Amino acid sequence: MRYSYYPGCSLEVTAKPYDASARAVCQALDIELEEVDDWNCCGATSYISIRELISFAISARNLALAEKKKNDLVTVCPACYTVLNKANIYINEKEDIKKTVDEALAVANLKYDGTIKVRHLLDVIVNDVGLQKIQPKIKKRLEGLKIAPYYGCQISRPHGTFDDPEFPMTMDNLFSSLGAEVVNFPLKAKCCGGILITTELEESLKLIKDLLSCAQDNKAELIVTACPLCEINLEGYQKKVNKKFKTVFSIPAIYFTQLLGVALGLSKEKLLIGKELVSAEKVLDRFYGGKR
C-alpha cells in the first residue's frame with residue numbers, strides 16, 4: 001500500500017525520532033511512504049487563527065502536490081492532520097473559499113480538484129494494515145510494560161475521522177494487542193497546553209502537571225503519544241513542573257511509532273530511542289536484553 005507522506009515542520013527539527021521511527025515502522029509493515037516533493041508548512045496553529053483563508057491556500061498547495069500522485073496524504077502530526085483536513089473540507093464544501101484558493105494555486109501553476117483524503121498514520125496502521133496483519137510481524141511482545149497512551153486534543157477532534165472524539169481507543173487497542181498493559185488514563189484526550197506553553201506558561205504547566213499526575217497515579221512506566229508538541233510539553237517541561245509544584249516526576253514520553261518499532265524488533269538506533277530528555281532506555285532495555 002502506498003501513500004503520499006507529509007512530515008510537517010516539527011519532524012525536521014524537534015521531532016526527528018518521530019520521523020525516523022514512522023519511516024522505519026512503515027517499511028517493516030510494507031507501507032510505502034512517498035514524501036510530497038517540495039511540501040511547505042501547513043499553516044498550523046497560530047497562523048490559521050489569524051489568516052484563515054491564506055492558511056487554506058498554503059494547505060491547498062500541499063494537497064495539490066499530493067493529488068498529482070493520486071494517493072491518500074498521510075501525516076503523523078495531529079496539528080498538520082487537523083489543518084490539512086479542515087482546509088480539505090472547506091475547499092470542497094464552500095465555493096467562495098475554493099474560488100479564492102484556486103486563484104492562489106493558479107499563480108503557482110497548480111490546481112486542486114479535491115480528490116485527496118487526509119489521513120493520520122495511526123489510522124493507516126490500525127485500520128488499513130490491521131491488527132491481524134501486524135501480529136505475525138511482531139518480534140517482541142510488550143508483556144509487563146505499563147503504558148499511558150496520550151492522544152491529546154487534536155487527533156480525534158474537531159476533524160478526526162477514525163476514533164471517538166472524546167475517548168479515543170486506537171492506541172489502547174493497538175498496544176493491548178501487542179501485550180502491553182494500558183493503564184487507566186482518563187485524561188488521555190485533554191489538552192497539554194499545546195503552543196500556549198510559549199505564551200501562557202503558568203496555565204500550561206498546570207495542565208501538564210495534571211497529565212503527569214494522572215499517568216503516575218495509575219502506575220504508568222511510559223507515556224506514549226502521537227503528537228510532537230504533546231511529546232515536548234510532557235517530557236521537556238517536567239523539570240519546570242517539578243520546580244513549580246514540588247513534584248518529582250520522571251516519566252519518559254515517546255512516540256507510538258517508537259514503541260511499535262520496539263515490538264517489531266527494530267533497533268534503538270533506528271528508532272532514535274535514547275534521544276529523550278527523560279530517558280526511556282531504562283524502561284525499554286528489557287526488550288533489548290540490556291544491550292543495544
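Residue numbers count from 1 along this sequence. Computed from a predicted model, the values in this text were never measured in an experiment.
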Seminar exercise, completed: Taken in chain and number order and not counting sequence neighbours, the residues that satisfy ring pair (Phe, Tyr, Trp, His ring centres under 6.0 Å) with Tyr150 are none
For this session: Output yes when Lys133 and Asp30 qualify as a salt bridge under the 4.0 Å nitrogen-oxygen rule, no when they do not.
Result: no
Exercise. Is Asn242 reaching over with its side chain to a backbone N or O of Phe249, donor-acceptor style, under 3.5 angstrom?
Worked result: yes
Exercise. Heavy-atom distance under 4.5 Å between the side chains of Leu63 and Val118, does that happen here?
Worked result: yes
For this session: Verify side-chain contact (heavy atoms from CB on, under 4.5 Å) between Lys111 and Asp102, making sure each step is shown before the conclusion.
Result: CA-CA 7 Å; Lys111 184 174 183 294; Asp102 284 347; 5.8 Å; no
Problem set entry | Residue pair Tyr151 / Asp172, side-chain donor-acceptor N/O under 3.5 Å | yes
Exercise. Taking only residues at least two apart or on different chains, which pairs with a member in residues 165-192 satisfy ring pair (Phe, Tyr, Trp, His ring centres under 6.0 Å)?
Worked result: none
For this session: Take Ile31 and Val129, measure what side-chain contact (heavy atoms from CB on, under 4.5 Å) needs, and give me the verdict at the end.
Result: CA-CA 8 Å; Ile31 300 170; Val129 179; 3.6 Å; yes
Exercise. OG of Ser176 to CE of Met169: how many Å apart, nearest 0.5 Å?
Worked result: 7.0 Å
Exercise. Can you find a pair of side-chain heavy atoms, one from Leu121 and one from Thr75, that are under 4.5 Å apart?
Worked result: no
Exercise. Do the side chain of Asp164 and the main chain of Glu166 share a donor and acceptor less than 3.5 angstrom apart?
Worked result: yes
Problem set entry | 4.5 Å side-chain heavy-atom contact, Lys268 and Leu284 | no
Problem set entry | Heavy-atom side-chain contact between Pro149 and Phe256 under 4.5 Å | no
Exercise. What's the shortest heavy-atom distance between Pro252 and Val278, and which atoms?
Worked result: CB-O, 3.5 Å
For this session: Considering non-hydrogen atoms only, spot the tightest contact between Lys16 and Val13 and give its length.
Result: CG-O, 3.6 Å
Exercise. Could you go step by step and tell me if Glu67 and Thr115 meet the side-chain hydrogen bond (donor to acceptor under 3.5 Å, both in side chains) rule?
Worked result: CA-CA 7 Å; Glu67 193 173 51; Thr115 64; 2.6 Å; yes
For this session: Taking Asp123 for its side chain and Arg119 for its backbone only, find out whether a donor-acceptor pair lies under 3.5 Å.
Result: no
Side-chain donor-acceptor pairs under 3.5 Å in residues 207-217, sequence neighbours left out?
unit_1 : atom_1 : unit_2 : atom_2 : d
Asp210 : OD1    : Lys206 : NZ     : 3.2
Asp210 : OD2    : Lys206 : NZ     : 2.9
Ser213 : OG     : Lys209 : O      : 2.9

Exercise. Does a sphere of radius 6.0 Å around CD in Gln27 hold more than 12 heavy atoms from other residues, nucleotides or ligands, not counting ones at 6.0 Å or beyond?
Worked result: no
Exercise. Charged N to carboxylate O below 4.0 Å: is that the case for Glu202 and Lys244?
Worked result: yes
Exercise. Between Ser59 (side chain) and Phe56 (backbone), is there a donor-acceptor pair under 3.5 Å?
Worked result: no
Problem set entry | Closest contact, heavy atoms only, Pro7 versus Arg23 | CG-NH2, 4.1 Å
Exercise. If you take all heavy atoms of Pro228 and Ala15, which pair is closest and at what distance?
Worked result: CB-CB, 3.6 Å
For this session: Answer whether the closest heavy-atom distance between the side chains of Leu222 and Lys146 falls below 4.5 Å.
Result: no
Exercise. Is the number of heavy atoms from other residues, nucleotides or ligands within 6.0 Å of CD (Glu95) greater than 12?
Worked result: no
Exercise. If you look only at pairs with a residue in residues 206-233, which of them pass as a ring pair (Phe, Tyr, Trp, His ring centres under 6.0 Å), with sequence neighbours excluded?
Worked result: none
Exercise. How long is the gap from CG on Leu11 to CG on Asp19, to the nearest 0.5 Å?
Worked result: 5.0 Å
For this session: Show the numbers, then the answer: is there a salt bridge (Lys or Arg N to Asp or Glu O under 4.0 Å) between Glu281 and Arg286?
Result: CA-CA 9 Å; Glu281 290 185 293; Arg286 73 185 77 169; over 6 Å; no
Problem set entry | The single option from Leu178, Leu259, Leu29 passing side-chain contact (heavy atoms from CB on, under 4.5 Å) against Leu264 | Leu29
Problem set entry | Reported CD1-to-CG distance for the pair Ile97 and Asn92, which is rounded to 0.5 angstrom | 11.0 Å
Exercise. Please, which pairs that meet ring pair (Phe, Tyr, Trp, His ring centres under 6.0 Å) have at least one residue in residues 100-146, sequence neighbours excluded?
Worked result: Tyr81-His120
Exercise. Where the side chain of Ser4 meets the backbone of Leu73, is there a donor-acceptor pair that is under 3.5 Å apart?
Worked result: no
For this session: Please test Ile147 against Glu181 for side-chain contact (heavy atoms from CB on, under 4.5 Å), starting from the C-alpha separation and ending with a verdict.
Result: CA-CA 6 Å; Ile147 67 167; Glu181 180 181 337; over 6 Å; no
Exercise. Counting only heavy atoms not in Lys270, do more than 12 sit closer than 6.0 Å to its NZ atom?
Worked result: no
For this session: Is it possible for you to say whether Ile232 and Leu277 belong to one hydrophobic cluster, with membership spreading through side-chain heavy-atom contacts below 4.5 Å?
Result: no
Problem set entry | Verify same cluster id: Val126, Leu142 (apolar side-chain graph, 4.5 Å) | yes
For this session: Answer yes or no for Lys86 and Tyr90: cation-pi contact, defined as NZ/CZ to six-membered ring centre under 6.0 Å and angle to ring axis within 45°.
Result: yes
Seminar exercise, completed: dist Met1:CE -> Asp128:CG (nearest 0.5 Å) comes out at 6.0 Å
Exercise. Would you say the side-chain atoms of Thr257 pair up with the backbone N or O of Ser21, donor to acceptor, closer than 3.5 Å?
Worked result: no
Problem set entry | Pro136 to Gln132 - nearest heavy-atom pair and separation | CD-O, 3.0 Å
Exercise. So, the side chain of Asn62 versus the backbone of Asn40: is there a donor-acceptor pair under 3.5 Å, distance only?
Worked result: yes
Exercise. After noting the C-alpha distance and the side-chain angles of Phe287 and Leu145, does the key distance pass the side-chain contact (heavy atoms from CB on, under 4.5 Å) rule?
Worked result: CA-CA 10 Å; Phe287 303 107; Leu145 180 64; 4.0 Å; yes
For this session: Could you pull out all residues at least two apart from Tyr18 that satisfy ring pair (Phe, Tyr, Trp, His ring centres under 6.0 Å)?
Result: Tyr255
Exercise. With side chains defined as the heavy atoms from C-beta onward, is the minimum distance between Ser55 and Val83 less than 4.5 Å?
Worked result: yes
Exercise. Would you call Lys68 and Asp37 a salt bridge, using N to O less than 4.0 angstrom?
Worked result: no
Exercise. So is Lys69 actually on top of Tyr3's ring, under 6.0 Å and inside 45° of the axis?
Worked result: no
For this session: Say whether, by atom type as modelled, one donor and one acceptor occur between the side chain of Gln238 and the main chain of Ile251 under 3.5 angstrom.
Result: yes
Exercise. Does Asn85 reach the side chain of Thr161, with side-chain heavy atoms less than 4.5 Å apart?
Worked result: yes
Exercise. Counting only heavy atoms not in Arg141, do more than 12 sit closer than 6.0 Å to its CZ atom?
Worked result: yes
Problem set entry | Side-chain donor-acceptor pair present, Asp163, Thr170, cut-off under 3.5 Å | yes
Exercise. Gln258 side chain to Leu271 main-chain N or O, any donor-acceptor pair under 3.5 Å?
Worked result: yes
For this session: Provide the closest heavy-atom pair for Ala226 versus Pro78 in the form atom of the first, atom of the second, distance.
Result: O-CD, 3.1 Å
Exercise. Is a side-chain donor or acceptor of Thr247 paired with a backbone partner of Lys243 at a separation under 3.5 angstrom?
Worked result: no
Problem set entry | Ser177 side chain reached by Gln135 side chain, heavy atoms, under 4.5 Å | yes
